[in-house]
Number of protein chains: 2
Amino acid sequence: MSKENHTDTRVLILDIAIPLFAEQGFSGVSMRNIANKVGISAAALYHHYPDKQSLYLAAMERAFADKAEGITAAARQSGPIEDRLYAYVKSFTKLMANDPNFRTLFQRELLDGDESRLQLLADKVFGEAFKAMTELASELDPDGDPHLLAISMAGLVLFHFETEPVRRFLPGGLKKHSNLKVVTEHVYNLLAHMLIKKT
Amino acid sequence: MSKENHTDTRVLILDIAIPLFAEQGFSGVSMRNIANKVGISAAALYHHYPDKQSLYLAAMERAFADKAEGITAAARQSGPIEDRLYAYVKSFTKLMANDPNFRTLFQRELLDGDESRLQLLADKVFGEAFKAMTELASELDPDGDPHLLAISMAGLVLFHFETEPVRRFLPGGLKKHSNLKVVTEHVYNLLAHMLIKKT
DNA sequence: GTCTATAGCCTGATAGAC
DNA sequence: GTCTATCAGGCTATAGAC
């Protein structure tokens, strides 16, 4: 039916490569590393992907596919703005807490992504979700800059997970501080102050 | 006087290596890359540092030295809490805006740092500054968790710079959104809502 | 679709002359 | 303190058998 012959191996390779690239980055992972874990030779990898770059891009596409849809839906659900804000924070936090590969690869792309990869990230992964977030931001603070507030709303969540490995060495750092519910409540309460001020 | 013979070259190597490691990460930079830029042979590098790992650690130590002192001082200056909060946000934003190598290396260490490197980061680089931030957080929200709020206060600033390469592809993204003053005012206003609620 | 073998290059690191 | 030369091994990628 389709032009290409999609075998199980083709996808299996990506599912093995994704956590490897997340943990060690593009230049930290070799084709042999991936091949060994898949259980085939490095040469066989080249039957499925023409080169390492293509394999990496295919892995990113799979790792990033449809990940932000829950966030978009949460920010746009019906109901009072408090509920939408809470649903947004919860779904964003959930994504970060439950999919560490996604989060890590996103961080790595921010550091290492070239122009075209960043454009893809902005358009296909976060485009619609970010638009929904700016709409929410406009309601939260009609006089402010929605882009700035949307970025803040995202950073507020992400940074709690980004700093997880180092926080246990910082004063007051506890295990519960990476807990989904704890982060959700904290960030929601912080952002909800804007509403309290307005009403 | 000192046991080791500190030549200019020893420091020059680090100042060349720091931006390279920031841009391409540990595994993306070779000893030959560094040597070429310094203008010496790769073998000469090994006269100054026993191996690549040691050179990298020395580069981190130099890149991170005394960077957080301004933040500590700002958070602990005398005056009303509004002023201290503003001074903190401004000094943190300044550091992130003016020292991209520092910021990038910090992000990379969060991704790739092993236990001992993260401990060093927590103790020597951010230890005192983070303590000052938790004290500020306690004043801002006496009923909240100061560790959580301190993390939020940092993430709120950092994320605006972390996302700089991708924001121009997102709706509403403008050049001014990485501007020092714009970010400072935005983050300060956001955090100040907590004060308004309390007073 | 997978293998072995290998080309050609880059890697970290060392030896020894100057 | 820097050099050239080199080692041993890893890297991406290809050739060709099965």
Side-chain angles (χ1 to χ4, degrees), chain A residues 1-62 105 108-109 112-114 116-117, chain B residues 1-62 105 108-109 112-114 116-117:
Chain A
M1 209 51 97
S2 68
K3 257 189 261 179
E4 286 184 79
N5 186 16
H6 290 275
T7 65
D8 282 341
T9 307
R10 217 183 126 79
V11 176
L12 174 67
I13 290 167
L14 300 184
D15 289 335
I16 300 247
I18 285 168
L20 285 175
F21 283 131
E23 276 159 40
Q24 324 206 62
F26 179 82
S27 55
V29 178
S30 73
M31 294 297 269
R32 280 178 174 85
N33 291 157
I34 299 166
N36 286 345
K37 273 226 168 184
V38 174
I40 60 175
S41 69
L45 240 39
Y46 287 87
H47 173 78
H48 301 281
Y49 299 96
D51 52 33
K52 188 185 175 182
Q53 189 77 20
S54 305
L55 197 163
Y56 180 77
L57 288 175
M60 291 309 102
E61 219 165 296
R62 183 168 172 81
L105 289 171
R108 291 202 186 276
E109 285 295 279
D112 299 324
D114 61 27
S116 70
R117 264 154 58 192
Chain B
M1 212 42 104
S2 67
K3 259 189 258 179
E4 286 184 78
N5 186 17
H6 289 277
T7 65
D8 282 340
T9 307
R10 218 183 123 79
V11 176
L12 175 67
I13 289 168
L14 300 184
D15 288 336
I16 300 248
I18 284 167
L20 285 175
F21 283 131
E23 277 160 39
Q24 324 206 61
F26 179 81
S27 55
V29 178
S30 73
M31 294 297 269
R32 281 174 175 82
N33 290 157
I34 298 166
N36 286 346
K37 274 226 166 186
V38 175
I40 60 175
S41 69
L45 240 40
Y46 287 88
H47 173 78
H48 301 280
Y49 300 95
D51 52 33
K52 189 185 176 184
Q53 189 78 21
S54 306
L55 198 164
Y56 180 78
L57 288 175
M60 292 307 103
E61 217 165 299
R62 183 168 172 79
L105 289 170
R108 290 201 187 277
E109 285 295 279
D112 299 324
D114 60 27
S116 70
R117 264 153 60 192

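Numbered from 1 within each chain, the chains take letters A, B, ... in sequence-line order. All values derive from a computational prediction rather than experimental measurement.
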Contact pattern, 5' to 3', of nucleotides 11-18 of chain C - B, S or - by protein heavy atom under 4.0 Å
BBBBB---
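- Proximity of Lys52(B) to Leu55(B): side-chain heavy atoms (C-beta onward) are nowhere separated by under 4.5 Å.
- Under a 3.5 Å cut-off, the side chain of Arg10(B) and the backbone N or O of His48(B) do form a donor-acceptor pair.
- Tyr56(A) places its OH atom 14 Å from the P atom of dT12(D), with the value rounded to the nearest Å.
- Protein atom CD1 of Ile34(A) is 15 Å distant from nucleotide atom C1' of dG10(D), rounded to whole Å.
- Within the 4.0 Å cut-off from OP1 or OP2 of dT2(C), not a single side-chain nitrogen or oxygen of His47(A) is found.
- Residue His48(A) has its side chain nearest to dG1(C) when only dG1(C), dC3(D), dC3(C) are considered.
- Both key distances under 3.5 Å define a Watson-Crick or G-U pair, and stretches of 3 or more such consecutive pairs in DNA chain D run C:1-18 with D:1-18.
- In terms of heavy-atom proximity, Met31(B) sits nearest to Leu45(B) at O-CD2, 3.2 Å.
- Per the geometry, CG belonging to Leu45(A) stands 13 Å off P belonging to dC11(D), to the nearest Å.
- Across every non-hydrogen atom of Glu23(A) and Arg108(A), the tightest pair is O-NH2, 3.0 Å.
- Dashed line: the shortest gap from a side-chain N or O of Ser41(B) to OP1 or OP2 of dT2(D) is not under 4.0 Å.
- Using bins of under 30°, 30° to 60° and over 60° for the plane-to-plane angle, the ring pair Phe26(A)/Phe21(A) lands in the parallel bin.
- Applying the 4.0 Å criterion to OP1 and OP2 of dT2(C), one finds that Thr9(A) has a side-chain N or O inside that range.
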